[in-house]
Amino acid sequence: MTRSFDKAPGAQEMEAIARHTLARLPAAFAGQLGNLSLAVEDFAEDALLDELGIESAYQLTGVYEGIPLTEQSIDHSGTMPERVRLFRLPILLEWCERGDVTLEDLVAHVVIHEIGHHFGLSDADMHSLEDQVL
């Protein structure tokens, strides 16, 4: 069987997949995203990997940076806005190695997991939210 492959998705295409996931969130969640920003980069920088105790940049597919809504208070005014960063090459590697999920579903999984941190959700709640979106 002959299969043809196109180019690997770039940062813009992966961001479009992630934004499509955000657009499918239930209204109760979508309305609480506030100024949350989304970025796609090839890899996390060494300082972040060191901070998280991660040895290989291929082990980190995404990160939430900010203060979860459940912990925010007036004392946090003036802090940096919350953001989700997706790491394109580790996501692509996981997708290739797994072989049992579409790229769109894997990106959605990472996005939902990271915004789950924004909402202060448990892993079980993140899985429930993922079931609603996918």
Side-chain angles (χ1 to χ4, degrees):
M1 174 171 97
T2 302
R3 294 176 69 181
S4 64
F5 296 93
D6 202 0
K7 294 185 265 181
Q12 288 180 327
E13 186 175 354
M14 193 170 285
E15 182 176 336
I17 294 168
R19 291 197 183 281
H20 181 70
T21 299
L22 293 175
R24 294 188 334 234
L25 287 174
F29 288 95
Q32 297 297 317
L33 290 177
N35 292 329
L36 182 88
S37 69
L38 175 70
V40 177
E41 304 165 19
D42 280 346
F43 287 108
E45 68 278 2
D46 289 340
L48 176 61
L49 297 171
D50 291 345
E51 178 184 326
L52 297 174
I54 296 174
E55 292 183 23
S56 169
Y58 282 103
Q59 295 175 304
L60 187 61
T61 56
V63 68
Y64 166 73
E65 297 172 320
I67 301 167
L69 291 177
T70 55
E71 298 175 20
Q72 290 182 9
S73 73
I74 192 72
D75 295 333
H76 296 113
S77 64
T79 60
M80 296 296 289
E82 281 70 35
R83 86 177 160 164
V84 167
R85 294 167 54 203
L86 303 180
F87 303 113
R88 186 179 73 90
L89 295 174
I91 289 172
L92 290 174
L93 177 63
E94 181 177 337
W95 175 60
C96 290
E97 287 179 339
R98 285 184 57 173
D100 65 348
V101 65
T102 67
L103 180 60
E104 291 80 5
D105 285 351
L106 181 57
V107 171
H109 170 78
V110 175
V111 168
I112 291 168
H113 182 87
E114 298 311 331
I115 65 161
H117 293 301
H118 171 70
F119 291 109
L121 299 178
S122 68
D123 283 341
D125 290 337
M126 288 180 206
H127 289 296
S128 177
L129 179 58
E130 187 172 354
D131 290 342
Q132 293 176 51
V133 172
L134 297 181

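Because the structure is a prediction, the values reported are computed rather than measured.
A donor-acceptor pair under 3.5 Å links the side-chain atoms of Trp95 to the main chain of Val101, judged by distance alone.
Annotation: side chain to side chain contact (heavy atoms under 4.5 Å, CB included) contacts of Ser37 (sequence neighbours excluded): Arg83. His109 meets the ring pair (Phe, Tyr, Trp, His ring centres under 6.0 Å) test with no other residue; sequence neighbours excluded. For Asp123, there are no side-chain hydrogen bond (donor to acceptor under 3.5 Å, both in side chains) partners, not counting sequence neighbours. Residues forming a side-chain hydrogen bond (donor to acceptor under 3.5 Å, both in side chains) with Glu15 (at least two apart in sequence, or on another chain): Arg19.
Hydrophobic clustering keeps Val63 apart from Ile91 (ILVMFWY residues linked when any side-chain heavy atoms are closer than 4.5 Å, directly or through intermediates). Under a hydrophobic-cluster definition in which Ile, Leu, Val, Met, Phe, Trp and Tyr are linked whenever side-chain heavy atoms come within less than 4.5 Å, directly or via other members, Leu92 and Leu49 are assigned to different clusters.
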Sequence neighbours left out, cut at 3.5 Å: what donor-acceptor pairs do the side chains of residues 50-62 make with other protein atoms?
unit_1 : atom_1 : unit_2 : atom_2 : d
Ser56  : OG     : Tyr58  : N      : 3.1
Gln59  : OE1    : Glu55  : N      : 3.4
Gln59  : OE1    : Ser56  : N      : 3.1

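For the pair Thr102 and Asp105, the tightest heavy-atom approach, listed with the atom from each and the gap, is OG1-N, 3.0 Å. Looking at every heavy atom in both residues, Tyr64 comes nearest to Glu114 through N-OE1, 3.0 Å. Scanning all heavy atoms of the two residues, the minimum distance from Leu38 to Ala18 falls at CD2-CB, 3.6 Å.
Residue pairs meeting the salt bridge (charged side-chain N to carboxylate O under 4.0 Å, His left out) criterion with at least one member in residues 27-45, sequence neighbours excluded: Glu41-Arg85, Asp42-Arg88, Glu45-Arg85.
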